[in-house]
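The next block holds one structure in the form of structure tokens; read it before the comments.
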Amino acid sequence: MSPPGGEPQRVTRFAPSPTGELHLGNARTALFNLLLARSAGGRFLLRIEDTDAERSLDSHTTALMADLRWLGIDWDAGPDREDERGPYRQSQRGALYARQFAVLERQEVVYPCFCTPLELELSRRAQLAAGKPPRYAGTCRDLTPAGRAHRQAQGSAATLRFRVPRGERVRFEDFVHGPQSFLSDDIGDFVVRRADGSAAFFFSNAVDDACMGVTQALRGEDHLTNTPRQLLILAALGLAPPAYGHVALIVGADGAPLSKRHAAVSVREYRARGYQPLALANHLFRLGHSTPLHGLLGLEEMARAFDTAHLGRAPARFDEQQLLVWQKDAVHSLSPQAARAWLAPLLPAGLDAHATDAFIDALLPNVVLPEDARPWVDIVFGGPPPLGAAGEQLVREAGAGYFAAAAAAAAASGNDLPAIAGAVREATGRKGAALYMPLRVALTGREHGPELAPLLRAMPAGKARERLARFA
RNA sequence: GCUCCCUUCGUCUAGAGGCCCAGGACAUAGCCCUCUCAAGGCUGUAACACGGGUUCGAAUCCCGUAGGGAGCGCCA
């Protein structure tokens with residue numbers, strides 16, 4: 001696994017739980033971990049944390065993987081690409097967890113807890129009301145063997161709790177935040193195995209990272225204060241923990257946690273709205289991470305430029321305006337084939353390749369999202385567009401002679417703008433805006449839009465003449 | 001409530017005691033180019049949350065205040 005003489009190969013992972021759509025924050029975490037691995041020629045794993053059978057859905061896993069790949073994020077090993085460190089679905093790792101639970105039980109660093117959810121909730125509320133931290137009260141911590149046997153005989157289902165040592169300090173080096181130190185007294189005994197026998201997050205997440213050889217776990221800051229628990233578990237198990245790093249969360253424009261109130265929060269939605277994957281990736285890449293590089297970057301360039309030293313510790317605001325800028329860049333740099341695929345759903349059925357290309361050629365520099373192109377489909381391929389009041393005025397002012405010359409030139413040349421404009425200039429002596437604006441308005445119904453010459457080339461033959469002749 | 005994290009232009013950020021009366025990118029404003037829009041070129045506006053220290057010197061170190069966030073779950 002390790003390159004000869006070098007450091008052990010870097011291994012990172014993205015470990016989502018399939019309880020919903022891929023959230024922007026998670027997408028960024030996935031991207032950062034991919035980049036972190038790739039920047040060192042390492043491996044990137046996808047692990048599905050579906051220990052909560054109630055909320056985990058297989059369809060979510062499928063969608064999650066599709067959205068990641070859409071973004072350009074692919075993994076070296078995962079649920080659909082198993083290897084000897086797998087399985088990569090936690091729901092299939094029960095046997096492995098059972099062995100580790102047994103180790104913990106043997107060392108008596110865990111104990112069965114018979115408290116019911118209701119009792120725990122009451123206790124929490126009472127503590128909160130008394131102005132105390134809502135931690136597990138330790139009711140079952142010192143149950144005698146006889147007491148335990150008694151409860152078990154009664155058939156009470158028990159969770160397994162980790163016996164957090166008192167009066168200790170848990171220290172670790174966060175590779176984003178630097179040295180961290182927590183007092184174990186502030187940590188309540190926590191559940192490592194649920195009453196139904198399934199592994200709880202703190203446990204399975206930490207154990208899997210260790211067993212899968214993860215060297216760096218880069219995750220959201222919401223996990224920062226949980227890290228000591230995981231370190232405690234791993235230490236008890238004698239497993240080497242990964243290095244942990246925590247990036248600040250993404251927040252909305254007002255600085256509050258990013259929610260549907262602010263913007264679309266799932267990759268799905270941006271995808272559905274016609275955003276380019278590279279645009280989203282570039283935006284996420286610079287959210288909480290900085291690079292001296294400018295412009296739209298490919299994934300390989302991002303990997304080369306990725307640097308944990310430049311991960312932010314302060315929350316980054318998700319600014320949709322900025323995303324739009326990247327989107328514009330991404331759209332403008334689309335290959336002809338990609339552009340065709342992007343706008344295909346909007347185009348009239350049966351449009352031939354030549355016409356399609358001409359249309360896209362004309363429109364692409366002026367659109368950011370597919371919806372921007374939609375009205376132009378009608379303008380170019382539909383009937384004569386109605387003019388607004390200002391348009392009518394411009395046309396009237398230009399006069400019938402102007403349009404007679406234009407229509408004649410259009411009939412003679414096809415949809416050739418230089419020929420049409422030349423003829424009108426000759427006939428009227430107009431130039432500049434006075435020459436072109438009436439043409440634009442008569443042809444498109446609008447005063448603004450893509451360049452006229454390519455737009456005319458995209459128009460079906462005869463359309464230009466027909467529209468100009470209306471005012472002759 | 002307790003613990004932890006955070007705070008530099010509108011936004012993303014550079015900045016590890018003098019190189020900073022704070023640099024870049026995007027946004028924005030003006031001008032140029034131009035048939036409109038977009039693109040492009042040039043020029044500009046714009047920030048160290050606040051208060052105390054330490055130091056010859058602080059955006060940078062320390063303490064406090066304010067504001068934001070997270071965790072304290074049989075969610076992850």
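So you know, we letter chains A, B, ... as the sequences are listed, proteins then strands, and number each from 1.
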* Asked: Expressed as a whole number of Å, how far does the P atom of C19(B) sit from that of U3(B)?
  -> 38 Å
* **Integer angstrom distance from the C1' of U34(B) to that of G40(B)** => 11 Å
* Asked: So, are R124(A) and E121(A) salt-bridged, with charged N and O less than 4.0 Å apart?
  -> yes
* Distance between the C1' atoms of G10(B) and A47(B), in whole angstroms? -> 10 Å
* To do: Describe the nucleic acid contact of G288(A) in one word from base, sugar-phosphate, nothing, applying a heavy-atom distance below 4.0 Å.
  => sugar-phosphate
* Distance in angstrom units between N366(A) CG and G40(B) P, rounded -> 13 Å
* Asked: Separation of F182(A) atom CZ from C72(B) atom C1', in whole Å?
  -> 12 Å
* Asked: Does A16(B) have a Watson-Crick or wobble mate here (both distances under 3.5 Å), and if so which one?
  -> none
* Asked: Which part of the nucleic acid, if any, lies within contact of F190(A), taking any heavy atom under 4.0 Å across all strands shown: a base, the sugar-phosphate backbone alone, or nothing?
  -> nothing
* Counting only Watson-Crick or G-U wobble pairs whose two distances fall under 3.5 Å, which nucleotide matches G71(B)? -> C2(B)
* For R425(A), answer base if it contacts any base atom (sugar-phosphate contacts may also be present), sugar-phosphate if it contacts only those atoms, and nothing otherwise; contact means non-hydrogen atoms under 4.0 Å. => nothing
* Asked: Do side-chain atoms of R273(A) reach the backbone of Y270(A) as a donor and acceptor pair under 3.5 angstrom?
  -> no
* Asked: Roughly, in whole Å, what's the span from CZ in R440(A) to C1' in A38(B)?
  -> 11 Å
* From the options C2(B), C6(B), G71(B), select the nucleotide whose nearest atom is closest to the side chain of P315(A). => C6(B)
* Asked: Given atom CG of L311(A) and atom P of A14(B), what is their separation to the nearest angstrom?
  -> 10 Å
* Reckon A248(A) touches a base, only the sugar-phosphate, or nothing at all at heavy-atom distances under 4.0 Å? -> nothing
* Any ion pair linking R13(A) and D208(A) (charged N to carboxylate O, less than 4.0 Å)? -> no
* **Nucleotide nearest A316(A) (side chain, heavy atoms from C-beta), chosen from C74(B), U13(B), C72(B)** => U13(B)
* To do: Could you check whether T51(A) gets within reach of a base, just the sugar-phosphate, or nothing at all, counting any heavy atom under 4.0 Å?
  => sugar-phosphate
* Asked: How many Å lie between NE2 on H223(A) and C1' on U3(B), as a whole number?
  -> 18 Å
* Identify which nucleotide among C74(B), C26(B), C4(B) has an atom closest to any side-chain atom of L224(A), counting heavy atoms from C-beta outward. => C4(B)
* Structure fact -> Rounded to whole Å, CG of L249(A) lies from P of G71(B) at a distance of 8 Å
* **Check: F32(A) ring centroid to F306(A) ring centroid under 6.0 Å** => yes
* Please state how far atom CG in L293(A) lies from atom P in U13(B), giving the value in whole angstrom units. => 16 Å
* G10(B): pairing nucleotide in any strand, Watson-Crick or G-U under 3.5 angstrom -> C26(B)
* To do: Side chain of P257(A) only, please: which of G1(B), A70(B), C74(B) is the nearest?
  => A70(B)
* Would you kindly give the CG-to-P distance between L118(A) and G73(B), to the nearest whole Å? => 16 Å
* Find the partner of G40(B): check Watson-Crick (N1-N3 plus N6-O4 or O6-N4) and G-U wobble (N1-O2, O6-N3) distances, both under 3.5 Å, and reply none if neither fits. => C32(B)
* To do: Looking at every strand, decide which applies to Q180(A) at a 4.0 Å heavy-atom threshold: base, sugar-phosphate, or nothing.
  => sugar-phosphate
* **Euclidean distance for C1', A49(B) against G57(B) (whole angstrom)** => 23 Å
* To do: Kindly check if the number of other-residue, nucleotide or ligand heavy atoms within 6.0 Å of CD (Q321(A)) is above 12?
  => no
* To do: Return the nucleotide paired to G64(B): Watson-Crick means purine N1 to pyrimidine N3 with N6-O4 or O6-N4, wobble means G-U with N1-O2 and O6-N3, both under 3.5 Å.
  => C50(B)
* To do: Just call it for R193(A): base, sugar-phosphate, or nothing, with non-hydrogen atoms closer than 4.0 Å on any strand.
  => nothing
* Asked: Any donor-acceptor pair under 3.5 Å joining the side chain of D319(A) to the base of C12(B)?
  -> no
* Can you check whether F190(A) and F202(A) have ring centres sitting under 6.0 Å from each other? -> yes
* Between G51(B) and C9(B), how far is it from one P atom to the other, in whole Å? -> 16 Å
* To do: Report the residue (F318(A) or Y136(A)) whose heavy-atom-nearest nucleotide on RNA chain B is the more 5′ of the two.
  => F318(A)
* To do: Could you tell me whether R161(A) contacts a base, only the sugar-phosphate backbone, or nothing, with contacts defined as non-hydrogen atoms closer than 4.0 Å?
  => sugar-phosphate
* Structure fact -> Of the candidates G1(B), A70(B), C35(B), the side chain of D222(A) sits closest to A70(B)
* Does C21(B) pair with anything, Watson-Crick or G-U wobble, both distances under 3.5 Å, and if so, with which nucleotide? -> none
* Is Q322(A) touching bases, backbone alone, or none of the nucleic acid, heavy atoms closer than 4.0 Å? -> base
* To do: Tell me which of R169(A) and F202(A) sits closer to the 5' end of RNA chain B, going by the nucleotide each one is nearest to.
  => R169(A)
* For D189(A), which of R161(A), R163(A), R141(A) qualifies under side chain to side chain donor-acceptor pair (under 3.5 Å)? -> R141(A)
* Sugar-phosphate only, base, or nothing, as touched by C115(A) at under 4.0 Å among non-hydrogen atoms -> base
* Under 4.0 angstrom, heavy atoms only, what part of the nucleic acid is G188(A) near: base, sugar-phosphate, or nothing? -> nothing
* With respect to the side chain of R194(A), which nucleotide from G1(B), A14(B), C75(B) is positioned closest? -> C75(B)
* **Side-chain-base donor-acceptor pair under 3.5 Å for R313(A) and C6(B)** => no
* Could you label the plane-to-plane angle of the F101(A) and F203(A) rings as parallel, tilted or perpendicular, counting under 30° as parallel and over 60° as perpendicular? => parallel
* Structure fact -> Taking G1(B), C35(B), U3(B) as options, the one with an atom nearest any side-chain atom of P134(A) is G1(B)
* Run the salt-bridge test on R89(A) and D58(A) with the 4.0 Å N-O cut-off and return the result as yes or no. => yes
* Asked: What integer number of Å spans the P atoms of C12(B) and G69(B)?
  -> 15 Å
* Nearest-Å distance once atom P is located in both A76(B) and A14(B) -> 34 Å
* Kindly point out which of C12(B), C74(B), C6(B) is positioned nearest to the side chain of R317(A)? => C12(B)
* **Touch class at under 4.0 angstrom, heavy-atom based, for K328(A) against every strand present** => sugar-phosphate
* Asked: Distance between the C1' atoms of C6(B) and G44(B), in whole angstroms?
  -> 33 Å
* Of all the nucleotides listed (C74(B), U3(B), C26(B)), which has the minimum atom distance to the side chain of T225(A)? -> U3(B)
